[in-house]
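Along the sequence shown, residues carry numbers from 1. Note that these values count all heavy atoms, side chains included, but never hydrogens, waters or copies made by symmetry.
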Amino acid sequence: MDSLNHAPQDTNLALQGCGYRIENDRILIFVHRIENNRSDENLSGTLCLQLSAFPKGSDDGTAPTVLASTTIGEIKGQHFLGDCYYDLIFQQPPVGSWVLALQLSEWNGVAYSLCDSVYFENPYQSTSSAFDTADTVNKQEDVQAPTPKTPEQVDRIKKNIGCSDGYLAINKSKVDKLLNVKGVPKKVLEKLVAERPFHSEKAVLNIKGVGPVMLKKIVSELTR
């Protein structure tokens, strides 16, 4: 399985240092760096990060089963996102033995194009459709998968990746209510409706025109 550790697609968009932790129906994904190594004049398309599962022993042409995914916005050339944590919904794969891979894709205007893949050496065993895999941990190379043990650590991680409850209010609000938030450009609100559901507050902040102050205002209006 050593040859599966890293499979770049040579687009200069790359993942460095990846790990994950599965806890029932949630998965916490850690990426040390998400890099855009193109020229500093480049701006990537919208990027998508997903954890995919391949049947153990299958060839490279097998379509993956997506277990978790999130969009992470754009990255300017010669820049990177560092120490990224993503708390996502985990979809249990069918019964069997699976090779897991964290994959980075870029929107090219028509579809998402695969840019980089990091494969995990330890196969994932799915024994039933129920979530009986609490506390499953894996890592790639020598990167430690995140293992918060105290409420303080969890709060700190959530602060770093923006996992507050604000994005949930946007996900759950009725379309009419969201489109009528006062003081927010109509195009921004329409984009929020189109991009739902969001998996984190950080994903909301990746929407053009939405900054921390604007997001606070939107959430305040929706939760009145």
Side-chain angles (χ1 to χ4, degrees), residues 13 20 22-31 34 36 43-52 63-76 79 81 84-93 102-115 129-131 148 151 154-224:
L13 294 171
Y20 69 83
I22 299 172
E23 295 183 339
N24 297 315
D25 63 345
R26 306 293 301 183
I27 182 168
L28 186 62
I29 294 173
F30 168 75
V31 185
I34 304 174
N36 182 350
L43 181 65
S44 75
T46 298
L47 301 178
C48 175
L49 192 67
Q50 68 181 36
L51 184 73
S52 300
T65 297
V66 179
L67 308 184
S69 66
T70 185
T71 55
I72 55 177
E74 304 164 335
I75 302 178
K76 183 176 173 58
H79 286 68
L81 300 177
C84 304
Y85 289 82
Y86 302 98
D87 183 359
L88 307 173
I89 295 173
F90 177 71
Q91 301 292 335
Q92 182 85 338
L102 193 61
Q103 299 185 306
L104 180 67
S105 300
E106 179 185 25
W107 181 255
N108 60 19
V110 178
Y112 278 102
S113 177
L114 183 62
C115 299
S129 59
F131 291 104
V154 173
D155 289 342
R156 184 162 60 251
I157 291 174
K158 287 186 175 182
K159 182 178 180 181
N160 288 338
I161 64 174
C163 284
S164 69
D165 292 336
Y167 71 96
L168 295 177
I170 294 175
N171 289 344
K172 295 178 180 179
S173 293
K174 293 183 178 179
V175 173
D176 289 345
K177 184 174 183 179
L178 183 53
L179 290 177
N180 286 289
V181 173
K182 296 179 181 179
V184 181
K186 191 74 170 180
K187 288 185 178 180
V188 172
L189 295 175
E190 290 174 347
K191 186 68 172 176
L192 290 176
V193 171
E195 294 293 329
R196 294 191 301 178
F198 296 99
H199 298 295
S200 69
E201 186 176 292
K202 184 173 181 179
V204 181
L205 292 173
N206 282 328
I207 297 297
K208 186 175 182 180
V210 180
V213 175
M214 179 71 77
L215 178 56
K216 185 176 180 180
K217 183 175 184 178
I218 294 171
V219 172
S220 177
E221 288 286 332
L222 295 177
T223 55
R224 279 184 176 181

Examine distances only and state if a side-chain atom of S220 and a backbone atom of K216 form a donor-acceptor pair shorter than 3.5 Å. no
Is there a donor-acceptor pair under 3.5 Å between the side chain of N36 and the backbone N or O of H79? no
For K191, side-chain hydrogen bond (donor to acceptor under 3.5 Å, both in side chains) partners two or more places apart: E195
Nearest non-hydrogen partners of L179 and L189, listed with the distance: O-CD1, 3.4 Å
Taking S44 for the side chain and I75 for the main chain, is one N or O donor matched with an acceptor at less than 3.5 Å? yes
Evaluate side chain to side chain contact (heavy atoms under 4.5 Å, CB included) for V204 paired with I218, printing each intermediate quantity in order. CA-CA 11 Å; V204 181; I218 294 171; over 6 Å; no
Of all heavy-atom pairs linking L47 and L13, the shortest is CD2-CD1, 3.9 Å
Hey, what do you get for OH (Y20) to CG (L102), rounding to the nearest 0.5 Å? 10.5 Å
What are the two closest heavy atoms between A203 and T71, and how far apart are they? CB-O, 4.2 Å
Contact summary for I170 and R196, nearest pair of heavy atoms: O-NH1, 2.8 Å
Heavy-atom side-chain contact between I89 and R26 under 4.5 Å: yes
Mind checking whether W107 and Y112 have parallel, tilted or perpendicular rings, split at 30° and 60°? perpendicular
Spacing of I27 atom CD1 and Y86 atom OH [to the nearest 0.5 Å]: 13.5 Å
Rounding to 0.5 Å, atoms CG (L104) and CD1 (I72) come to a distance of 5.5 Å
Of the non-hydrogen atoms in L81 and C84, which two are nearest, and what is the gap between them? CB-SG, 3.6 Å
More than 12 heavy atoms of other residues, nucleotides or ligands under 6.0 Å from NZ of K172: is that the case? no
Is it the case that more than 12 heavy atoms not belonging to K174 sit under 6.0 Å from its NZ atom? no
With rounding to the nearest 0.5 angstrom, report the CG to CG distance, D25 to L88. 11.5 Å
Nearest heavy atoms of K182 and K217, plus distance in Å: O-CE, 3.4 Å
Using only atom types and a distance under 3.5 Å, with no angle test, would you say the side chain of Q103 pairs donor to acceptor with the backbone of Q50? no
Separation between CG of L222 and CG of L168, rounded to the nearest 0.5 Å: 12.0 Å
When rounded to the nearest 0.5 Å, the distance separating CG of L67 from CD1 of I22 is 7.5 Å
